[in-house]
Amino acid sequence: MFALVDGNNFYVSCERVFRPSLIGRPVVVLSNNDGCAIARSNEAKALGIKMGAPWFQIRHFEESHGLVALSANFALYGDMSDRMMSLAAPLGHRQEIYSIDESFVDLSGIVGDLTRRGCIIRQRILKWIGIPCGIGMGATKTLAKLANHIAKTAERKPGSYPAAFAQVCNLIHLPASALDALLAATQVGDIWGVGRRIGAQLNDAGVHTALDLARLDPATVKRRWSVVLERTVRELQGTSCISLEHQAPAKLQIACTRSFGQAVLEHSVLQQAITEFASRAAQKLRIQNGNAAQVLTFIRTSPFRVQDTQYSRSTVVPLRRPCSDTRSITQAALAGLNAIYRPGYRYAKAGVMLLDIAPASYVQQELILEDSDVDVANVKADRLMETLDAINHRFGRGTVSLASSGQSNDVRAWGMKQERRTPGYTTDWEGLAVVRA
DNA sequence: TCTGGGGTCCTAGGACCC
DNA sequence: TCTGGGGTCCTAGGACCC
């Protein structure tokens with residue numbers, strides 16, 4: 001038995017905590033570069049604004065409907081997320097943090113009225129940090145996801161589901177006929193694990209509702225689609241196939257990629273960007289105590305600019321030996337850049353990915369053919385990186401960086417556009433809200 | 001003019017082995 | 001004319017998630 005706790009329109013809700021005047025108004029939070037909408041208030045959804053809608057296509061709502069758009073403030077959302085997660089955890093014995101705004105909670109062994117328990121937790125999160133949540137409960141993770149969908153939809157669109165399921169929806173111990181009715185009222189594409197492509201294929205095959213999907217034979221589904229969809233069918237039928245991951249597994253790959261605020265043509269600017277991405281990725285790698293064996297670098301033009309000649313290439317450079325050293329990783333990434341850079345294109349995006357990651361404690365023994373002491377060099381590198389991370393943690397990101405990363409953010413030719421950024425209310429002393437009497 | 005970032009898993013097919 | 005059988009490993013690409 002699982003619960004899923006999910007913040008409503010999470011990024012928008014975070015902004016509303018500190019700017020209550022946004023409540024009741026259509027609000028969107030924009031992606032990096034103020035590119036497209038990545039969170040929408042209910043009022044914005046009601047205007048028909050879709051997830052991922054480009055800002056330039058929806059900005060006319062500013063004039064006509066008072067739409068407010070904000071640049072994403074991920075430091076703030078991350079901090080609010082930590083607070084929400086710690087308040088959701090007591091719902092059960094174990095919690096899996098699934099994304100910035102969602103956590104699964106294992107409900108096994110919890111006695112008493114689960115629905116009531118959910119309502120108390122929901123109220124507490126709303127009162128203590130101001131974030132409205134939906135809570136869904138079900139026998140499997142997929143059913144808990146569905147319950148959460150029902151909890152939020154019943155609140156947002158009256159009449160879509162019985163009002164009793166709004167906000168907190170508990171499908172555990174629901175009579176089979178009642179569960180079937182809810183499944184029948186749910187589009188198959190709204191089920192967790194059914195995306196656009198599979199959804200369309202299912203519709204073609206006459207499978208339209210979640211109930212249709214739940215009634216398919218798992219073996220047939222596996223043959224015709226995949227084991228992934230088979231698992232979804234079994235989960236809808238009440239057999240748990242996806243377990244709770246209490247401890248986040250170490251990442252297999254780590255990426256740092258960005259679209260540029262404006263098109264980049266020069267090699268030297270790409271070099272600065274790639275240096276920055278490689279440094280950031282290496283730092284993430286050190287946080288999880290890993291070593292990477294390969295570094296992927298990619299650059300590409302904008303596929304949306306059809307008038308431009310397109311160019312998109314990536315390359316993988318193996319490291320001499322697995323490490324998390326910013327200098328070696330950056331060196332490899334820049335070597336990759338040199339291999340794929342071609343002048344004359346309007347580059348819109350670039351990135352660095354670290355591949356083949358293993359715990360730093362796994363050391364491949366090697367036959368030393370060089371006349372140098374590898375162990376001593378490794379210890380020195382580790383201490384240098386520790387110091388680098390400590391300084392940047394204490395004095396702010398980018399205090400110490402490689403010279404090839406160029407100047408600071410405000411003068412970077414490739415820097416992001418963020419014209420509607422709100423203060424770091426909880427993450428920056430300068431951003432603290434001021435109360436006026 | 002203007003379109004995000006960061007992940008995972010599965011599968012098919014090719015290369016290669018004996 | 002007619003060209004085996006069984007296996008592993010790796011990679012690219014597709015699908016999904018938020």
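Every chain is numbered from 1, with letters handed out A, B, ... down the list of sequences.
- Within the 4.0 Å cut-off from OP1 or OP2 of C:dC17, not a single side-chain nitrogen or oxygen of A:Ser99 is found.
- No hydrogens or angles considered: a donor-acceptor pair under 3.5 Å links the side chains of A:Asn73 and A:Thr422.
- If you check every strand for non-hydrogen atoms under 4.0 Å, A:Leu30 touches nothing.
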> Going through the distances and angles, do A:Trp192 and A:Phe2 end up as a ring-ring contact (aromatic ring centres under 6.0 Å, His included)?
Replying inline: CA-CA 14 Å; A:Trp192 188 43; A:Phe2 300 92; 9.8 Å; no
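- Taking atom CD of residue A:Gln418 and atom P of nucleotide B:dT3, one finds them 15 Å apart after rounding to whole Å.
- Checking C:dA15, C:dC18, B:dC10 against every side-chain atom of A:Arg197, the shortest atom distance belongs to C:dA15.
- Stems are defined here as 3 or more consecutive Watson-Crick or G-U wobble pairs with pairing distances under 3.5 Å; those involving DNA chain B are B:5-18 with C:5-18.
- To the nearest 0.5 Å, the span separating CD on A:Gln237 from CG on A:Leu216 amounts to 8.5 Å.
- In this model, the phosphate group of B:dC2 is approached by a side-chain N or O of A:Arg305 to a distance below 4.0 Å at OP1 or OP2.
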Which atom pairs, one a donor and one an acceptor, fall under 3.5 Å between side chains of residues 343-352 of chain A and the rest of the protein, sequence neighbours left out?
from	atom 1	to	atom 2	distance (Å)
A:Arg346	NE	A:Asp308	OD2	3.3
A:Tyr347	OH	A:Arg342	N	3.2
A:Tyr347	OH	A:Arg342	O	2.6

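- Remark: side-chain polar atoms of A:Glu102 are not paired, donor with acceptor, to backbone N or O of A:Leu4 under 3.5 angstrom.
- Residue A:Lys145 places at least one side-chain N or O under 4.0 Å from the OP1 or OP2 atom of C:dC18.
- Of the N and O atoms on the side chains of A:Ser71 and A:Gln418, not one donor lies less than 3.5 Å from an acceptor on the other residue.
- Computed from coordinates, the A:Ile242 CD1 to B:dT8 P distance equals 16 Å when rounded to whole Å.
- As judged by a 4.0 angstrom heavy-atom cut-off over every strand, A:Lys417 is placed among residues making no nucleic acid contact.
- Phosphate contact (OP1/OP2 of B:dT3, side-chain N/O of A:Lys349, threshold under 4.0 Å): absent.
- The aromatic rings of A:His267 and A:Tyr341 sit perpendicular, their planes meeting at an angle over 60°, well past the 30° parallel limit.
- Taking atom CE of A:Met416 as the reference point, atom C1' of B:dC2 lies 17 Å away to the nearest angstrom.
- Residue contacts for A:Asp101: at a heavy-atom cut-off of 4.0 Å it reaches the sugar-phosphate backbone alone, with no base atom in range.
- Atom-to-atom, CG of A:Leu146 to P of C:dC17 comes out at 14 Å; the value is rounded to the nearest Å.
- Among the protein residues, A:Arg258 comes within range of the sugar-phosphate backbone only, with heavy atoms under 4.0 Å from sugar or phosphate atoms but none that close to a base.
- Distances were taken from every side-chain heavy atom of A:Phe56 (C-beta onward) to each of C:dC18, B:dC2, B:dT11; the shortest belongs to B:dC2.
- Heavy-atom nearest nucleotides on DNA chain B were determined for A:Pro249 and for A:Phe74, and the one closer to the 5' end corresponds to A:Phe74.
- Atom CG of A:Asp356 is separated from atom C1' of C:dC9 by 13 Å (rounded to the nearest Å).
- The residue among A:Trp225 and A:Arg300 whose nearest nucleotide of DNA chain B lies closer to the 5′ end is A:Arg300.
- Side-chain atoms of A:Tyr98 lie closest to C:dC18 of the nucleotides B:dC10, C:dC18, B:dG6.
- In this structure, A:Ile191 atom CD1 and C:dC17 atom P are separated by 11 Å, rounded to whole Å.
- Following rounding to the nearest Å, A:Ile254 (CD1) and B:dG7 (P) show an atom-to-atom distance of 6 Å.
- Proximity note for A:Thr257 (side chain, C-beta onward) versus B:dG4, B:dC10, B:dG5: the nearest is B:dG5.
- Side-chain rings of A:Trp414 and A:Phe277 approach one another, their centers coming within less than 6.0 Å.
- Here A:Arg231 does not reach the OP1 or OP2 of B:dC9: none of its side-chain N or O atoms lies under 4.0 Å away.
- No donor-acceptor pair under 3.5 Å is formed between the side chain of A:His65 and the backbone N or O of A:Leu47.
- Closest to the side chain of A:Lys284, out of B:dC2, B:dG4, B:dG7, is B:dG7.
- When the side-chain nitrogen and oxygen atoms of A:Ser259 are compared with OP1 and OP2 of B:dG4, one or more of them lie within a distance under 4.0 Å.
- When distances run from any side-chain atom of A:Trp192 to the nucleotides B:dT3, B:dG6, C:dC18, the shortest one goes to C:dC18.
- Atom CG in A:Leu252 sits about 15 Å away from atom P in C:dC10, given to the nearest Å.
- When the nucleotides C:dC18, B:dC2, B:dT8 are ranked by their closest atom to the side chain of A:Gln253, B:dT8 comes out on top.
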